[in-house]
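Order of the sequence lines fixes the chain letters, A, B, ..., with proteins taken first and strands second; residue numbering starts at 1 for each chain.
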Number of protein chains: 2
Amino acid sequence: MKVMRETIVSTARELFRSRGYAGASMNDLADAVGLKKSSLYVRFPNKEALVPAVLDLTLQETFGQKDLGSRQWDAEFVEVIELIATTLTDRGRCVGLHLAYGTSDETPIAKDAVRAFFQAHRDYLSSILSRAMPVDVARDIATDTLARLEGATAFVAIFGEKDAMKRAVRLSIAEAQKAAAANSLSSPS
Amino acid sequence: MKVMRETIVSTARELFRSRGYAGASMNDLADAVGLKKSSLYVRFPNKEALVPAVLDLTLQETFGQKDLGSRQWDAEFVEVIELIATTLTDRGRCVGLHLAYGTSDETPIAKDAVRAFFQAHRDYLSSILSRAMPVDVARDIATDTLARLEGATAFVAIFGEKDAMKRAVRLSIAEAQKAAAANSLSSPS
DNA sequence: GTCTATATGTCGATAGAC
DNA sequence: GTCTATCGACATATAGAC
């Protein structure tokens, strides 16, 4: 029976998230989706090609159906970082970060995909924030927010603690609103 | 010629940092230190046993020769997080985090060592901060500081950017001083 | 060096839908 | 018949461990 591509990709994502790039084997993936290894190589030319597929799927699930700009900037900002934080807390690890650490110059396609993945996150947050503050400030706050969320994920992964993630969300929102307020003072609308 | 244990451990650290637990092989380590693989197994019972050795060495290098309490709390806090930040920026990755993501229930000894590693970091920072604020506040700020540093490291690893790390250091210091000031108002010395 | 397990990747054969 | 998805066996390399 035919196995859908998305099944393979999302199963590969689970494996990459829990075991990393080197630790996840094509055999494990084949077993998990109910195929033989050779059938996987019909769909994907090699293991590395799974990485862009996995990250693209994740990007689409995170930002896919949002129509940017239809609401207040801060409502959109809160929604998206809470979505990311919830996913990271539930899954316990970030696939993107695990792949970032697990790829190197020997896997250039995977490395590029990881860069694109984080750049897309930063760009998306930055475009929301820049509606309320200068673009350079928006970019820094977007970066720092992502850094906080990734760092808090480490405490979920290592200790199972979720408090750090809650504080990361709350403090990141507070920082964004503070920057927006400072901006509206210097250049009122 | 005899190869020192510390040479093996610090070389293993480089490998774990760059390739992760699964990606680093005993063969690579043997080649890098100029030994045969069989000689490595004389010193370490298995690959997993390298993990506590690597993390203990790192802990000792980070906190080893400090005598806590001999100076102002904030001078000590700044010094230690700048040391950590500089190491993370220079090396581009955190061994502890790479091992945290790379170990699982199948490697319980490594997993425990990772927990101890991060717990030691948190305890050390927390003990400095608690000289200027309540212990629960100190613990949260210590955790958030480590999370910021780890998250900023991701941007070094992925984009080669060092700015996020600089902001993480600056903002973490500011948060700590703000909490200390709030505490000294409510309970002046 | 040896042994066993397992990794990625290839290729011809095959079973069923139309 | 043909097309598509899958499989089984295989080649080659390298892993951890002794």
* Asked: Between A:Phe159 and B:Phe118, does the ring centroid distance fall short of 6.0 Å?
  -> no
* Would you call B:Lys37 and B:Asp31 a salt bridge, using N to O less than 4.0 angstrom? -> no
* Structure fact -> Rounding to 0.5 Å, atoms CG (B:Leu15) and OG (B:Ser25) come to a distance of 7.5 Å
* DNA chain C-proximal residues of residues 21-51 of chain A, any heavy atom under 4.0 Å -> A:Ala24, A:Ser25, A:Met26, A:Asn27, A:Lys37, A:Ser38, A:Tyr41, A:Asn46, A:Lys47
* To do: Check whether any side-chain heavy atom of A:Pro108 lies under 4.5 Å from a side-chain heavy atom of A:Glu48, and answer yes or no.
  => yes
* With under 30° as parallel and over 60° as perpendicular, where do the rings of A:Phe16 and A:Tyr21 fit, or are they tilted in between? -> parallel
* Under 4.0 Å between a Lys/Arg side-chain N and an Asp/Glu carboxylate O for B:Arg139 and A:Glu161? -> yes
* **Length of the line joining A:Lys2:NZ and C:dA15:C1', which is rounded to integer Å** => 16 Å
* Structure fact -> Interatomic distance, CZ@A:Arg91 vs OG1@A:Thr86, rounded to 0.5 Å, equals 10.5 Å
* Would you call B:Lys111 and B:Glu106 a salt bridge, taking side-chain N to carboxylate O under 4.0 Å as the test? -> no
* **Nucleic acid contacts - residues 97-113 of chain A versus DNA chain C, non-hydrogen atoms under 4.0 Å** => none
